[in-house]
Amino acid sequence: MAKPSKKIITEYKKLIEEISEHNRLYYENDAPAISDAEYDRLFDRLIELEKKYKDLQSPDSPTQKVGAKPSKGFEPLSHRIPMLSLQKVTSFDEFIEFDKRVKNLLETTDDVEYITEPKLDGLAVELIYENGIFMRGATRGDGTTGENITQNLKTIKSIPLKLSAKTAKRYPLLEVRGEVIMKLSDFEKFNSKLALENSPLLANPRNGAAGSLRQLDSKVTASRPLLFYAYGVSDNNLEKLDTQQTVIEFLSDEKFLINDLIYIGESVKEVKIIFENLANARPDLDYEIDGMVIKVNSFESQNILGQIARAPRWAVAWKFAAEQAETILEDVEFSVGRTGVITPVAKLKPVKVAGVTVSNASLHNEDELRNLDIRIGDSVIIERAGDVIPKVIRVLQEKRNGKTNEIMFPKSCPSCNESIYRPEGEAAYRCINISCPAQLEGRIFHFASKGGLDIVGLGDKLARQLIEKKIVQDPSDLFYLTTEILLPLDLMADKKADNLLREIEQSKKSELPKLIYALGIIGVGETAALLLAEHFVSFQKLQDSTIEELIDISGIGPNIALNIIEFFKSSSNRIMLDKMKSAGVQFPDYIKINLSDRFKNKVFVITGTLTKPRNHYKNIIVDNGGKVAAAISHKTNFLLAGENSGSKLEKAKKLQIQVIDEAEFNSLLS
Ligand code: IVH
């Protein structure tokens, strides 16, 4: 056995550190920093080193663990039977090796019967049924202990809360396992909604699913389009269930969602054909898969095969080959998205990746440019994962010659030329010009939305026409619309035009909080808009405010304060506001009518799952003169805490802030 050199030891330690950090980002923050293929590359190298140098095997190596530790926000829940991970193969040859090992251990030369299932890319969970009733559910966590996310799982409609009487009797304890996913179409719809609200977007469907499930407030989970697909039971010694196929049929009978691309492969050749068909079907599926899981169908055989450290010997994940290629970065252009985010786009020397010619790839943001240490003229590796936009994942530094050029991040918006700005805590530069053509559609929808000026009748088709015909070039142009302008447009009958104009006229009298919200300042949602209106009373005072004044308002942090200052600094934004005023928008002072002053000068924070919507409590607090802040600080007087209160509860206790439940809140009120 070879002795590792100093260089190898350093590499090994660095790999452990890097992979552990990526595990943390992926499993705990639901925010991966690298692609799955890149992760696999690091992991494979780690395995390679450990195989070659037995001395290296460190107990804290990620090869010794599954996933990540449960987060502190949830109660831990131990799995009665560990939730294992899967060995993987990436080629037919490797699958044949797997099959040989299986046959060896089963002491047979006959074909083994396999069952194949798409490897869904979501979050693994376990559902525990006692006497047929769904009692508890958990994430996989580190394989032994997961997070108790029962309340969140209960909001997923495809999870049956009650099983049949026969099953309840036959299996008093039943642990069902499967994957929570977000469909691609739902993911896109949901992100469009978030974009219009100016909220941060979900990174991808997988993180959308994982992030949604690990919300401390189950109302948030309930609002997300999640599905649960069952793929097994924890225990392969249950009466009447003696193959994976019978389990799948049983789960289907019990009304669990089952994937419809599950097949039996009677030989390795058949499995290969199924795999190829699945790879071909992949681009048309409405959910993400990253390979195919192949399981020995018979439980008797599974029990003989048993398991090794992290994974069973009776199953394997055949992963799709990473779709990578090498090319040259010829230039970088900058594009402005619908929410004002400025994205560097790599212009590549065209190259074929998995059958498709690629000449553009995303470079995400300025930090990514720096992390990649990329220059124009560099040789780069790009990757197409599924159907999404290709990414530049690595620079081949060793191929760099003297002829590369530095990439200059623009100082102004490529669409409207206004100066751009990087909000604190964000990786992206944004154009905050409310009149920026690239963002106009999103801005107009937000402006006219229910929380904003609430202009009913301004549907997407009409808004698009107005923008295309350049009738509306910023939100204030809505106030200059007339019947003569509207009538010639498609879909505009007399009555419709009249109604819309009446709505617009009415919106000129909107209250101050709605006006502030409508501007779409980054981070200023309805709550912050209300806080600002209450504090400044007049719009002009808000517009003239200083950063110190803004930070002083409880509920307005330094990041939002900076965004507000930057918003009003922009000359385009000021011109737009003047146009609104000239058109007769009133910007009325904010008059708050309180039911009482009971909560005067009192700041509340609300957390956890309550029996009534948060807004119910928020309204009562505000109507009685109090304030509601998003985060705990020394200015907080009360934490109204429901079930599953996580980090906020801890922080409140630390700062010795009074914690009250709903009953105590009601008695404060009466
Ligand atoms: S079986 C011991 N079946 O893949 C068996 N897993 O590494 C392990 N996954 O995150 C699980 N689809 O959630 C199994 N049809 C399927 C699966 C599947 C996706 C995920 C699983 C876990 C990972 C296992």
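Both counts, for ligands and for their atoms, begin at 1 and track the order of listing. Below, each value reflects all heavy atoms present in this structure, side chains not excepted, and no hydrogens, waters or symmetry copies.
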Exercise. To which protein heavy atom is atom 2 (C) of ligand 1 closest, and what is the distance rounded to 0.1 Å?
Worked result: Pro312 CG, 3.4 Å

Exercise. Is Lys88 atom NZ crowded by more than 12 heavy atoms from other residues, nucleotides or ligands, each under 6.0 Å away?
Worked result: yes

For this session: Using a strict 4.0 Å cut-off to heavy atoms of Ala124, name the atoms of ligand 1 that fall inside it.
Result: 10 (O), 13 (O)

For this session: Provide, to 0.1 Å, the distance between atom 7 (O) of ligand 1 and the closest protein heavy atom, together with that atom's residue and name.
Result: Leu86 N, 3.2 Å

Problem set entry | Min heavy-atom dist Gly232 to ligand 1 below 4.0 Å | no

Exercise. Under 4.0 angstrom from ligand 1, any heavy atom of Arg177?
Worked result: no

For this session: Take every heavy atom of Ala317, measure it against each atom of ligand 1, and state whether any distance is under 4.0 Å.
Result: no

Problem set entry | From CZ (Phe275) to CD1 (Ile294), nearest 0.5 Å | 7.5 Å

Problem set entry | Within 6.0 Å of CD in Glu17, more than 12 heavy atoms from elsewhere | no

Seminar exercise, completed: The closest protein heavy-atom partner of atom 12 (N) of ligand 1 is Leu120 N, 3.2 Å

Problem set entry | Numbered atoms of ligand 1 (with element) below 4.0 Å of Pro118, judged on heavy atoms | 12 (N), 15 (N)

For this session: Could you tell me which non-hydrogen atom of Arg313 sits nearest to which non-hydrogen atom of Gln307, and how far apart they are?
Result: NH1-O, 3.6 Å

Exercise. Is it true that Ser85 lies under 4.0 Å from ligand 1, counting heavy atoms only?
Worked result: yes

Problem set entry | Shortest protein contact, atom 13 (O) of ligand 1 (heavy atom only) | Glu179 OE1, 2.2 Å

Exercise. Atom 18 (C) of ligand 1: which protein heavy atom is closest, and how many Å away?
Worked result: Tyr231 CE2, 3.5 Å

Seminar exercise, completed: of all protein heavy atoms, closest to atom 4 (O) of ligand 1 is Lys119 CE, 3.3 Å

Problem set entry | Distance-only N or O hit between ligand 1 and Glu117, under 3.5 Å | yes

For this session: Could you walk me through whether Leu238 and Arg170 pass the side-chain contact (heavy atoms from CB on, under 4.5 Å) test, one step at a time?
Result: CA-CA 9 Å; Leu238 291 176; Arg170 187 173 284 160; over 6 Å; no

For this session: Please round to the nearest 0.5 Å and tell me the distance separating atom CD1 of Ile308 and atom CG of Leu305.
Result: 11.0 Å

For this session: Report, as yes or no, whether the 6.0 Å neighbourhood of atom CD on Glu48 holds more than 12 heavy atoms from other residues, nucleotides or ligands.
Result: yes

Seminar exercise, completed: Among non-hydrogen protein atoms, atom 3 (N) of ligand 1 lies closest to Lys295 NZ, 3.0 Å

